[in-house]
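One structure is given here, and the rest of the page talks about it.
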Amino acid sequence: QVQQAESGGRSVQAGGSLRISCATSGRSISSYYMGWIRQAPGKEREFVSGITSGGTTTYADSVKGRFTVSRDNAKNTVYLQMNNLKPEDTAVYYCAARSSISTAWNYWGQGTQVTVSS
């Protein structure tokens, strides 16, 4: 059974930093494209960041310069370092994985809540 477990979400004040993690069990993520997707109540899912198996990263315009995605294949874990957090970053952050032959996300975590207060 493949499980993705996000952790690290909490409440922080605007301007603060937070690192959230996604540990995957049941399958190696080394060859997967890994992504972070967030969703605020009543809003559409928003792609936040992604990282290829080779380490190439992409970011949504809203988080460029503030967030950094990374992966540690030895630990089967991906991370999202979030700096200079803003209230609009408040959302549930999900970790997702996609294989090279898939056009959709194959695996999702349960999400971790990040709340940024003014």
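All values below come from the heavy atoms of this structure, side chains included, with hydrogens, waters and symmetry mates left out.
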Here the pair of heavy atoms bringing G9 nearest to V114 is CA-CG2, 4.1 Å
Heavy atoms of M34 and A97 approach each other most closely as SD-CB, 3.5 Å
Contact list for residues 33-60, test ring-ring contact (aromatic ring centres under 6.0 Å, His included), sequence neighbours left out:
Y33-W105
Inter-residue atom distance R19.CZ - M82.CE, 0.5 Å rounding
11.0 Å
Over 12 foreign heavy atoms within 6.0 Å of CD, E46:
yes
T90: side chain to side chain contact (heavy atoms under 4.5 Å, CB included) partners, not counting sequence neighbours:
Q113, T115, V116
Same cluster or not: I20 versus V92, using hydrophobic residues (I, L, V, M, F, W, Y) connected whenever any side-chain heavy atoms lie under 4.5 Å apart?
no
Once you round to the nearest 0.5 Å, how far does CD of Q81 lie from OG of S49?
12.0 Å
Would you please name every residue forming a side chain to side chain donor-acceptor pair (under 3.5 Å) with T52, sequence neighbours left out?
none
Side chain to side chain donor-acceptor pair (under 3.5 Å) with T24: which residues, sequence neighbours excluded?
Q4
Under the side chain to side chain donor-acceptor pair (under 3.5 Å) test, which residues partner Y107, sequence neighbours left out?
R27
Qualifying residues under salt bridge (Lys or Arg N to Asp or Glu O under 4.0 Å), relative to K64, sequence neighbours excluded:
D61
Considering residues at least two apart in sequence or located in another chain, which fulfil the side chain to side chain donor-acceptor pair (under 3.5 Å) criterion with Y93?
R38
Is V63 reachable from Y94 through a run of hydrophobic residues whose side-chain heavy atoms are each under 4.5 Å from the next?
no
Return the set of residues passing side chain to side chain contact (heavy atoms under 4.5 Å, CB included) with S117 (not counting sequence neighbours), or none when no residue passes.
Q13
By side chain to side chain contact (heavy atoms under 4.5 Å, CB included), S30 pairs with (sequence neighbours left out) S28, N73
Partners meeting side chain to side chain contact (heavy atoms under 4.5 Å, CB included) with S31 (sequence neighbours left out):
none
Between D72 and T77, is any side-chain donor less than 3.5 angstrom from a side-chain acceptor?
no
Using the rule that two of Ile, Leu, Val, Met, Phe, Trp, Tyr join whenever any of their side-chain heavy atoms come within less than 4.5 Å, decide whether V78 and W108 are in one cluster.
no
Over all heavy atoms of both residues, which pair between V69 and G50 is shortest? Give the atoms and the distance, please.
CG1-O, 3.7 Å
Suppose we screen for ring-ring contact (aromatic ring centres under 6.0 Å, His included). Which residues come up paired with Y79, at least two apart in sequence or across chains?
none
Can you name the residues that form a salt bridge (Lys or Arg N to Asp or Glu O under 4.0 Å) with R66, not counting sequence neighbours?
D89
